2 protein chains.
Amino acid sequence: MAKKNKITGDFTTEERIKIAARIVFTKKGYAATRTRDIAEAAGINLALLNYYFRSKEKLFDLIMLESLQAFKHSLKGVLNDEKTTLEKKIEQVVSGYIDLLITQPGIPLFVLSELRHDPKVLISKMGLKDFIYRTSFMKQLKQAIAAGKVAPVHPLHFMINMLSMVIFPFVASPLLKSAGRMKEEEFNTLMTERKKLIPKWIFAQMKLK
Amino acid sequence: MAKKNKITGDFTTEERIKIAARIVFTKKGYAATRTRDIAEAAGINLALLNYYFRSKEKLFDLIMLESLQAFKHSLKGVLNDEKTTLEKKIEQVVSGYIDLLITQPGIPLFVLSELRHDPKVLISKMGLKDFIYRTSFMKQLKQAIAAGKVAPVHPLHFMINMLSMVIFPFVASPLLKSAGRMKEEEFNTLMTERKKLIPKWIFAQMKLK
DNA sequence: GTCTATATACGGATAGAC
DNA sequence: GTCTATCCGTATATAGAC
């Protein structure tokens, strides 16, 4: 029995459809989603969905683009702030990202699982090519390694570790919750703890010889 | 244009279908997969697929179960070996798992994205309930924390960190490759480096005050 | 066991009334 | 803008010949 959560509140029809679409697409993925389900969740008729968005695919592209934007946006500002130190950037990214994921835990899995079908198009449309490399964060990291202040390994390792430790628990949450006997609330407590812990862990990694 | 890789070699028809099904399901997910595509990849007719496996769903369940088995199996043996130290277990899990993922990089995303639809059934069928907690690894880890040898945080954090740093790069590989301007080969080189690096990083985390 | 042909259902999209 | 009714392509599954 799928829950029949109708979208309520003071939204235009177009907004209600988008909200419903985001929920259903995120939960079930593109192929498993029926436009009828979106319409029902939005409290409108199927025909109206097509009236506003022309097709399932166009609606989906919109939602996906916005999801990727949210992802990219929450990294970009912080990683490119010329004024902050490497350490500060890490603290800010980790903290901001975990806050975001606690409220929207389904987005990473949604993006990653759909991306495997046609990565090229979206990645170029989003300007993600070389995105990490062009950040101020990456330049600082390279300098720190060159100066011997950070362990001499490929700088991407630290970026990967940071994103992994922040994002993966949310991606694997159903497995982690049952394999680690956690309830929703315990899980969120653990994730909140990680806002302080992950930066410390990364710093420790960077100092290793 | 989907590649028309027919399954060749000395396999029975049933095996060929399963091999083809694993490839197509892993790449596209359940809903986006057409049984016709599996049949074509297996070099047989659509009707024959139903002759052997009754339905798309039954075939899928089989593939999913085997994928989860592979995941669980590669952890279970190592984590429950009473004779090895905590450190040794970590080294073995990380190394074995990365080797597995380099050859089968699509499995985690496949499992995790399908699991979000109906986690309960598969998790209970797989005996994953409390799986982590019942391991010898977890007992050793708790003892080490109690003895003050490991930082006093929730032991699951370290398990999460290990799995995150190992698995996540493969789950996010399309994004990482383009955002970090890596080719397939560079990516694998990096992952191979991580077989040695991740255990060191975990040890450093565990020693923090 | 393996095939061709087909029944049947489902889902996206549109026509047309209001 | 919003609805009801319907069209039509597509995908699973089966019947039945070989």
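We use all heavy atoms of the structure for the numbers below, so side chains are in, but hydrogens, waters and symmetry mates are not. The model shown is predicted, which means the values in this text are computed figures rather than measured ones.
Counting non-hydrogen atoms under 4.0 angstrom, T33(A) reaches the backbone sugars and phosphates but no base. In this structure, Y51(B) reaches the bases: a heavy-atom distance under 4.0 Å links it to at least one base atom across the strands shown.
Contact between the side-chain N/O atoms of T35(A) and the OP1/OP2 oxygens of dG12(C) is found at a separation under 4.0 Å. Within the 4.0 Å cut-off from OP1 or OP2 of dT2(C), at least one side-chain nitrogen or oxygen of T13(B) is found. The shortest distance between the side-chain N/O atoms of N45(A) and the OP1/OP2 oxygens of dT2(D) is not below 4.0 Å.
The nearest whole Å value for the distance from the CG atom in L46(B) to the C1' atom in dA7(C) is 13 Å. For I44(A) and dA13(C), the CD1 to P distance is 13 Å, given to the nearest whole Å. One atom, CZ of F53(A), and another, C1' of dG1(D), lie 14 Å apart when rounded to the nearest Å. Between the NZ atom of K56(B) and the P atom of dA9(C) there is a distance of 18 Å, given to the nearest Å. Note: CG (L59(A)) to C1' (dG11(C)) measures 15 Å, nearest angstrom. At whole-Å resolution of the value, CG in L48(B) and P in dT4(C) are 11 Å apart. Distance R34(B) CZ to dA11(D) C1': 8 Å, rounded to the nearest Å. If you take CG of N50(B) and P of dT2(C), they are 14 Å apart, rounded to a whole angstrom.
Within 3.5 Å, a donor on the side chain of R36(A) pairs with an acceptor on the base of dG12(C), or the reverse.
The aromatic rings of F25(A) and Y30(A) lie parallel to each other, with less than 30° between the two planes, well short of the 60° mark.
A side-chain donor-acceptor contact under 3.5 Å links E193(A) and H157(B). If you check the side chains of K89(A) and T84(A), you find a donor sitting under 3.5 Å from an acceptor. Side chains of R194(B) and N161(A): a donor on one and an acceptor on the other come within 3.5 Å.
Under a 4.0 Å N-O distance rule, the pair R22(A)/E66(A) qualifies as a salt bridge.
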